[in-house]
Every structure is written in structure tokens, then in C-alpha cells.
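Data first, discussion second: the structure below is written as C-alpha cells.
All values below come from the heavy atoms of this structure, side chains included, with hydrogens, waters and symmetry mates left out.
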Amino acid sequence: MLFRRLKWTAVSLAVLMVVLSAAAFFADEPLHRYVERTVNEAAEGYSFQIGTLDLHPLALSVDLGDVEVRQQAHPDPPVISIHEIVIDMRLAPLLKGKARGKIHLNDPIITVTQQQIKTALAKADQRTEQTVPWQDRIRGMMPFTADLFIKNGEVRYERQPNAEPIRMTALDIEARNLTNRPEDTQSYPSELVLRSRLFDAGRVEFNGRTDLLSEPLPKVDASIKLSGLRIADLMPIVGAYHLVMNRGTFSATGRVMHEKQTVFSLESFVLEGARIAYRYQQETKSKQRRQLERGAEQAARAHRDPSFVFKVGHGKIFNSEMEFDNRSTHPDYRLFLTDINAEVDNLSNRLEEGTGVVKITGKFMGSGPTVVTGTFRPEKPRPDFDLAVKIIKTDVAALNDVLRAYGDTDTHHGKFALFSELTVKNNRIDGYVKPLFQDVDVYDPEKDQDKTLSQKLYKAIVDGVMSLLENVPRDEVATKGDVSGPVENPQASTWQVIEKLVQNAFFNAILSGFERRA
């Protein structure tokens, strides 16, 4: 009797499984159409297409294949393309009116363009106060808790149609305990781990906790690690700002927190073997000036914004080179610092974080040992810093293109040095700039025999006047310019003030040793 009952129970379960499988088979297509139609009706401005849908009622799972999301205004390329989505649900929570499950996204590709971003932002601006935030819509759904796993994803940002996209590949994400009903004690209910490649060589790791339904932006508290980023790979981003980066690597560790304010802490960084040049061009002078002004204004706003805190703990730069390449003069010229080694400590935009210190060593124009030290106190609200520069034993001939561009003169041998100490405080600049020239020969009859008579006379006069200023035992020419007075623009940021100091004090002081004092 017991055997017969077990036999009929087994047969009944087998028949039920066959019936459910058959029902699922015939239900796949109607369910496919229903899901696709429902999602498209809810998604304003976007269209969803689901390639395949397979329902597994016994396992309480559904598989979606070849899912695409397109922006209706700019449908190509698809914003999201996912090879496979697997959703696994648990039975017990469903019996209690709750959803609990796991979602697997395999081989997703997210691609965005400038046009698509502009369209999305314009749509966001058009929303009225009556528009229900998406976070509230999700909170109004059935209570759910889910774990999300993304495997082998890719994110692309295409700035220009024919330009190399910015890419993040091999993207793996684990997001656990995603819920629309967090407990009151859970400020950051979800755990988030991200690992990816950035520009193929760089590695990014993100590990922390988040509240994805926080308004207006998700709350987050996470550590970030970046390693092995090749500086040259940043060219698709920085090239539009006339920066040239063709070698070097960057690594960093930091932390980001966003709740009532945003705190980004760069705990440590290392930049090694970098060559970074800023190219200033005649045909785009006005555009570049506007870019610099906008960048300085944005930096100043961020610097003074109490809701944003930026901190640098400790950073090092090794064996690097920085260059200013001016192509707006005749002839073109380069000002550069090679063999750069630098240390940065405790820089911040907040007064309570204390004083920041920067020390840079290198070789000006490839020959002059250089030391730059700076002490930066957070703006309160005006720039507040000390800056000292020492440049010695620079080959003057390396400055010939600069001298030809601004003074129609050049040199054949000699040394150049520069000493300066400046303090900017309480909207005032105080200090000095002292250039010094030693054994400088401006006029060489043998090398200049093909130049016009007027050029020869001009150079001979400059050379002769410099001789009158010589300290005979040392054969030197020195001029000292005192720098004292109010900051020209009271609203200027620290970096705007430094830019003006370099342009007006250091740069003009170098030339004055050749021309103005002459």
C-alpha cells in the first residue's frame, strides 16, 4: 500500500513537472511580449527590446537574452546592450509577500555619447515638481531584497564620432542586499564591490557600502584603489584642453564619502616617468584662454564650496617632465622642467585640515638645478600661501627662443639664475623676484655675420649696456624686482594668483635682465 502511494506520488509530480514545463514553453512568448510592452510604457524617452525570454517555473527563474536599451532621440549606439540576464527568485519570501533573489548580468555593454548625455540632462531639467522621483517609485513596489552580479561588463564614453572612446573593460560588480525597505539602523544598507580595467592597463578597485535610493544622489562610503594607469591613455580626455601626455604611470589610493557633503580623500598617489606638456597655439588663443578661465573659476567654486571637501594626504612625483609649449609667438619656444621629483603633503580646500606643503626639485631648461617650495593654507576665503623659487646654473642659450620671441635677441653662452620669495595673504602680495646673469655673451660677430646691420647694432647695444652693469670680479648682471601690493583680482583663486605670478613676475623678470634694465 505504501509502495503504491509513493509510486502515484512520483507519477503525479512527474506529470506536474511536464505540465508546468509545457505551460512555461507556451507562456514564454506571451510573457515576452507582456514584459517588453510594460517596460516600454514605463520608460519615457527610451525603448527596450528583449531578444529571448525563457521562464523556468520550477526553479523560479527567468532568462532574458540579447536585451537592448536605446534612447529614442539618439538610438545609435544602444545605451545598454546585455547578452544575458538571469533572475533567480526564492519561494519562501514570496509566500510572505516579499521578493528575494539574485540577478546576474553577463557581458553587458554601456555606451554613452555627448549627444545622449545632453538629451538626458535636458529631459531631467524639464521635470516638474509633480514628477515622482524614480527612488519613490521603487520604494512603492513590493518589498524586495536582491543581490546583483555583473560579469565581464564594459563601459564606453564616446566624446566624438571618430575619436577613440574612453573605456572601462573587464568590469565585475557585486552589489549585495539591494533593498527598497532598509532598516532604520542601516545608513548604508548595500555592500558594493567593483573591479575593472581602465584603458586596458590600469586597474580600478572600489569597495564600500551604499544607499542607492538616497535622494538626490546615492549615499556612498567606499575606498578606491587605482594602479598602473598609463598617462598616455588619458589623451582622449585631456587632448581637448591642449595637454599632451605621452608617457608615465599613475597609481593612487583614496576614499570617497557622500551623504550631506561630499568628501574625496586622496590618501596617497605616485606619478612616475610622466611627460606632460601644455601646448599654447596662436589659432586657438582665445579658446584656450576661456578654457583656463573656466577651469580656474570651477576650481575656485569647488575650493570654497562647504559641501565639497578635497584632501591629499601624501603624494610623490618621480623622474618626470613638464613643459609649456608656446606656438603663438615667432619663433615658437618651450619652457620646461626635467628630472622632476616632488612631494605633496596635506593639501585641502578646508581650513580645519591644516597647512599643505609642496616641494619640487628638477632642472630648468634641462640644465639649471631648481627647487620650488610652497606652503598653502586653505583659502579663507582668499588665497593664502608662501612660495619660494631657486633656479641656478641654467645655460642661457637654452632661453634663446624665448629671447628671440620677445626681444629679437639671443645669447651664445652664459648662466642664468633666479631667486624669489613671495607671500600672498589678506589679499596682498609681498616679496621679491631676482634674476641673475653670469658671463652672458649676446653678440658674436662670427656667428652673426649674416644678420642685418640693424640686428647687429641692437644686440651690440644690449651687450654693451649689460657690460656697464657688471660686477667686474664676478662678471654678473643682477636686477631685483620687489613685488608688493594688493592682488589685482580680489576674487581670484590660489591657482589664478600663481598663474599671474608666473606670467608677470617670474617670466617678465627673466626678460627684464636682458631688455628692461638694458
Side-chain angles (χ1 to χ4, degrees), residues 24 27-28 31-32 34-43 46 48-69 79-110 132-155 171-196 205-222 258-259:
D28 281 352
L31 183 61
H32 180 182
Y34 172 77
V35 171
E36 198 171 70
R37 182 177 65 254
T38 302
V39 174
N40 276 301
E41 288 175 353
Y46 292 87
F48 285 73
Q49 182 176 348
I50 301 172
T52 60
L53 186 150
D54 294 322
L55 179 65
H56 307 284
L58 296 178
L60 288 180
S61 68
V62 61
D63 299 343
L64 306 177
D66 299 324
V67 177
E68 285 190 349
V69 181
V79 177
I80 301 175
S81 176
I82 306 174
H83 174 64
E84 182 183 44
I85 301 176
V86 179
I87 303 174
D88 293 319
M89 303 299 296
R90 294 183 182 178
L91 178 60
L94 286 175
L95 298 177
K96 300 178 181 179
K98 299 179 181 179
R100 172 77 190 184
K102 295 181 179 180
I103 304 172
H104 296 263
L105 276 60
N106 298 323
D107 305 315
I109 299 175
I110 299 175
V132 179
W134 65 269
Q135 296 94 333
D136 289 346
R137 294 182 183 180
I138 294 179
R139 291 190 190 96
M141 296 169 59
M142 172 192 290
F144 71 83
T145 302
D147 296 335
L148 173 66
F149 303 92
I150 298 177
K151 189 70 175 177
N152 194 35
E154 181 175 346
V155 178
L171 175 63
D172 294 337
I173 296 177
E174 295 182 12
R176 298 182 183 272
N177 198 42
L178 300 174
T179 179
N180 63 344
R181 298 289 195 278
E183 297 179 7
D184 293 338
T185 58
Q186 293 179 312
S187 181
Y188 300 91
S190 305
E191 179 184 351
L192 182 61
V193 178
L194 178 152
R195 297 180 181 87
S196 178
E205 297 181 21
F206 183 98
N207 195 327
R209 304 194 68 87
T210 182
D211 178 4
L212 294 178
L213 297 185
S214 177
E215 298 181 47
L217 295 172
K219 294 192 298 186
V220 65
D221 180 5
H258 174 76
E259 191 169 351

Residues in salt bridge (charged side-chain N to carboxylate O under 4.0 Å, His left out) with Asp107, at least two apart? none
Tell me, please, whether Phe149 has Lys102 positioned over its six-membered ring: NZ or CZ under 6.0 Å from the ring centre and within 45 degrees of its axis? no
Can Phe144 and Lys98 be said to form a side-chain contact (heavy atoms from CB on, under 4.5 Å), step by step? CA-CA 6 Å; Phe144 71 83; Lys98 299 179 181 179; over 6 Å; no
Minimal non-hydrogen separation, Ser214 against Lys219, with atom names: OG-CG, 3.2 Å
Run the numbers on Ile173 and Leu192 for side-chain contact (heavy atoms from CB on, under 4.5 Å), then give the verdict. CA-CA 7 Å; Ile173 296 177; Leu192 182 61; 3.8 Å; yes
Under 3.5 Å, which donor-acceptor pairs do the side chains of residues 59-66 form with other protein atoms, sequence neighbours left out?
residue: Asp63; atom: OD2; partner: His56; partner atom: NE2; Å: 3.1

Supply the atom-to-atom distance Glu84 CD to Lys151 NZ, rounded to the nearest 0.5 angstrom. 13.5 Å
Between CD on residue Glu174 and OG on residue Ser190, distance to nearest 0.5 Å: 13.5 Å
Is there a side-chain contact between Arg90 and Thr145 (heavy atoms, below 4.5 Å)? no
As an exercise, state the distance from CD1 of Ile109 to CD1 of Ile82, rounded to the nearest 0.5 Å. 10.0 Å
If you look at every heavy atom in Phe206 and Val220, which pair is closest and at what distance? CZ-CG2, 3.7 Å
Partner set under salt bridge (charged side-chain N to carboxylate O under 4.0 Å, His left out) for Asp221, not counting sequence neighbours: Arg255
Identify the heavy atoms of Arg181 and Pro143 that sit nearest to each other, and give their distance. CG-CB, 3.8 Å
Which residue pairs satisfy the salt bridge (charged side-chain N to carboxylate O under 4.0 Å, His left out) criterion with at least one member in residues 207-216, sequence neighbours excluded? Arg139-Glu215
Contacts of type salt bridge (charged side-chain N to carboxylate O under 4.0 Å, His left out), residue Glu154, not counting sequence neighbours: Arg156, Arg167
Using salt bridge (charged side-chain N to carboxylate O under 4.0 Å, His left out) as the criterion, list what pairs up with Asp88, not counting sequence neighbours. none
Rounded to the nearest 0.5 Å, how far does CG of Asp172 lie from CG of Leu194? 8.5 Å
Value rounded to 0.5 Å, distance of CD in Glu205 from CZ in Arg195: 6.0 Å
Please determine whether side-chain contact (heavy atoms from CB on, under 4.5 Å) holds for the pair Leu213 and Asn180, giving the CA-CA distance in whole Å, both sets of side-chain angles, and the decisive distance to 0.1 Å. CA-CA 7 Å; Leu213 297 185; Asn180 63 344; 3.9 Å; yes
Please determine if Glu191 and Arg176 form a salt bridge, counting it only when a charged side-chain N lies under 4.0 Å from a carboxylate O. no
Stepwise, does the side-chain contact (heavy atoms from CB on, under 4.5 Å) test hold for Ile103 with Ile85? CA-CA 7 Å; Ile103 304 172; Ile85 301 176; 4.3 Å; yes
Nearest 0.5 Å please: distance from the CD1 atom of Ile150 over to the NE2 atom of His104. 11.5 Å
